[in-house]
Amino acid sequence: MDLRESDWIGFDLDHTAVRYNVPELAHLVHDAMARFVVEYRGYTKDVFCVSSMPHFFARGLYFDCETGCFLRLSSEGAVLSASHGTNPLSQDEIKDMFCSTPKQKKKLSNVINSLVRGEKVKNGFFFVTFFDIPAASILASMVDDVDIRVKAYRKEHPSVEGNDGDYDISEKETKHETQAKDNMWEKREMCIETMALLVENSGYDFVLKDMFDGLGFNFEHTQFAANQGYYFPQLKINPHKFIFEAHPRVIQWLQAMPKEHNVKLFLLTNSHQDYATFLLEHTFGKRWKELFDVVIFYAAKPQFFHHTKQSCPFVLANDDFSSGDVVDDLELGGMYIGGNYEQFQAFLNTHKSKNNKHEGEDKLRVVYFGDHPLGDVVSVALHSNWVPIFVMEELAYTGDEALHMFESDKDNQCAVREADTSLAKFIVLGIRRWGGHFLTSLNHVGKTTSSSPQLSHEDDIERYSAPNILETILRTYASCIVPHLAAVAANDAHIFASFENDECIKGIHRSFNLNSIDGVL
């Protein structure tokens, strides 16, 4: 794929156009979430240890509400690794809990099928972005806290029946859910009796809901303007601690694509205008608007690709962050809020920069970079004519030998490499705990790749012979995967190999020309 042949190149905002200092960001999210669930939901402060967070910093973990377990799933239904709360499960425990009955296997199959189709799972959650992944360790600690308290309660109240009894908890559960909906951010603590009954009869769904409340409390867009919550105020106080300035080579690349190759650029983000502007100014400077031909705020992906002009029209975005009038026709240089794919695609086609011929037809060529597997990759692939490219910063890390390379080359560090090194050191525990992100091949029993867990039994080889869910999603829907825009800008050829089949690794672009990055500093 040659990016120069595109008519338009689009970008998501967070972790794509804007790159964060992920270790610092993760600690900020962890602390903000822990503070909320302790102060607003009554969880025990001592269970939230920041040192446990890197062990759960792994993209693609699935939380099962029924069991309170985190799972790394393969595309063929195997549980590659698991933990209940923060406690790792043995293979015997995994088989007993998830693979011993047809009902259990069917449940896993349904979960996997839903995730591969890009659908949300009703009784679980898929951790896939750098904003929700730090909350995984919070959720694990919350499960631990609930277990400790329920166990202590059951010692004192053994007569109250649980799963096998006929105790009616529907009234208590309904009351709790009603309070949760009406007073999401009000302080409340569930009584231990209700907590025990919920765990024993319906699992840990209420714990996941408490985590969602924490995410909403800290990330709801109104909190940014009000300077409320525990995330935005800290980000505003010291933005340079959490947000990287764009590398000069990235800015040069963004400027060169329209001027030298007649490729137009757009920004399509779910972030609201005030927060997005804050990020863009710290990344690209006050003149960031000059880098994009059109900007769409609060696009509400993936719904953006299903909305119509009638259900969700474009609204003009004013410079004072207020919403303007509904617009029928978009213009180059404009900034808009909301909108829909159908209307936007017509705009892109009207301003197509090239007369590309593909199979005898004029075809608009749009490439879109994003970091969300479902919202930026699956939805784009299934519901648009764009080509999705997944941005995955973890590709800066390729195994222990890569980490050693970073550490032994300290005299030749540039800003991009320092960021990659910092991220590599941070995520290594998660990779060692849950396994790598990609399974390239297993040529024979006992031989593994650098990204695969160490295997010693034929049963283990069988478990790891299929890619995990995240890899399956990306191979199925993404054209290719890159670590960040600095890697794209460093590729002077502008050509990126795409996935060709299930075993092809050509679409995984781990490295880039470091010399070309260093040379501009």
Exercise. Which pairs pass ring pair (Phe, Tyr, Trp, His ring centres under 6.0 Å) with one or both residues in residues 72-96, sequence neighbours excluded?
Worked result: H84-Y204
Problem set entry | Euclidean distance, E93 CD relative to Q91 CD, rounded to 0.5 Å | 10.0 Å
For this session: Just do the side chain to side chain contact (heavy atoms under 4.5 Å, CB included) check on I473 and F126 with the steps written out, would you?
Result: CA-CA 12 Å; I473 291 172; F126 196 38; 3.9 Å; yes
For this session: Determine, using ring centers only, whether F266 and F344 are less than 6.0 Å apart.
Result: yes
Problem set entry | Side chain N270, main chain A300, donor-acceptor under 3.5 Å | yes
Problem set entry | Close side-chain approach of I389 and V488, heavy atoms under 4.5 Å | no
Problem set entry | F224 and Y231 aromatic centres sub-6.0 Å | no
For this session: Using a 4.5 Å cut-off on heavy atoms from C-beta on, say whether the side chain of F305 contacts that of W386.
Result: yes
Exercise. Looking only at atom types and distance, does a side-chain atom of E393 sit under 3.5 Å from a main-chain N or O of H484, one as donor and one as acceptor?
Worked result: no
Exercise. Using the ring of each side chain (for Trp, its six-membered ring), is F232 parallel, tilted or perpendicular to Y275, with breaks at 30° and 60°?
Worked result: perpendicular
For this session: Report yes if some heavy atom in the side chain of H307 is under 4.5 Å from a heavy atom in the side chain of Y341; otherwise report no.
Result: no
Seminar exercise, completed: E39 meets the salt bridge (Lys or Arg N to Asp or Glu O under 4.0 Å) criterion, sequence neighbours left out, with R35
Exercise. Who passes side chain to side chain donor-acceptor pair (under 3.5 Å) against T277, sequence neighbours left out?
Worked result: none
Problem set entry | Beyond-backbone contact of K120 with F125, side-chain heavy atoms, under 4.5 angstrom | no
Exercise. Is the H509 to F496 ring centre distance short of 6.0 Å?
Worked result: yes
Seminar exercise, completed: Output for pair (F297 CZ, D274 CG), nearest 0.5 Å, gives 9.5 Å
For this session: List the steps, then state whether side chain to side chain contact (heavy atoms under 4.5 Å, CB included) holds for F206 with V199.
Result: CA-CA 9 Å; F206 71 94; V199 169; 3.7 Å; yes
Exercise. Can you tell if the side chain of R433 reaches within under 4.5 Å of the side chain of S83, non-hydrogen atoms only?
Worked result: yes
For this session: Using a 4.5 Å cut-off on heavy atoms from C-beta on, say whether the side chain of V79 contacts that of M97.
Result: no
For this session: Enter the distance from D147:CG to R149:CZ here, rounded to the nearest 0.5 Å.
Result: 11.5 Å
Exercise. So, for F131 and Y20, is the gap between ring centers shorter than 6.0 Å?
Worked result: yes
Exercise. Do L235 and I243 come close enough that some side-chain heavy atom pair is under 4.5 Å?
Worked result: yes
For this session: Taking salt bridge (Lys or Arg N to Asp or Glu O under 4.0 Å) as the test, write out the residues that go with K309, two or more places apart.
Result: D328
Problem set entry | Pair S311-N340, side-chain donor/acceptor within less than 3.5 Å | no
For this session: Look at D213 together with R188 and state whether they make a salt bridge at an N to O cut-off of under 4.0 Å.
Result: yes
For this session: Would you sort out whether K103 and E66 count as a salt bridge (Lys or Arg N to Asp or Glu O under 4.0 Å), showing the intermediate values?
Result: CA-CA 13 Å; K103 181 179 179 180; E66 182 180 347; over 6 Å; no
For this session: Go through the steps for V387 and V366 under the test side chain to side chain contact (heavy atoms under 4.5 Å, CB included), then give the verdict.
Result: CA-CA 6 Å; V387 177; V366 181; over 6 Å; no
For this session: Could you give me the CA-CA distance, side-chain angles and deciding distance for D64 and T67, then say whether side-chain hydrogen bond (donor to acceptor under 3.5 Å, both in side chains) is met?
Result: CA-CA 6 Å; D64 176 55; T67 61; 2.7 Å; yes
For this session: Keeping to residues at least two apart or across chains, list the salt bridge (charged side-chain N to carboxylate O under 4.0 Å, His left out) pairs with something in residues 46-60.
Result: R59-E394
Exercise. Atom CG in L470, atom CG in L73: separation rounded to 0.5 Å?
Worked result: 11.5 Å
Exercise. Are any non-hydrogen side-chain atoms of K107 and N123 less than 4.5 angstrom apart?
Worked result: no
Seminar exercise, completed: The reported gap from CG in D376 to OG1 in T269 (rounded to nearest 0.5 angstrom) is 9.0 Å
For this session: Using the test salt bridge (Lys or Arg N to Asp or Glu O under 4.0 Å), find all partners of D371 that sit at least two apart in sequence or belong to another chain.
Result: none
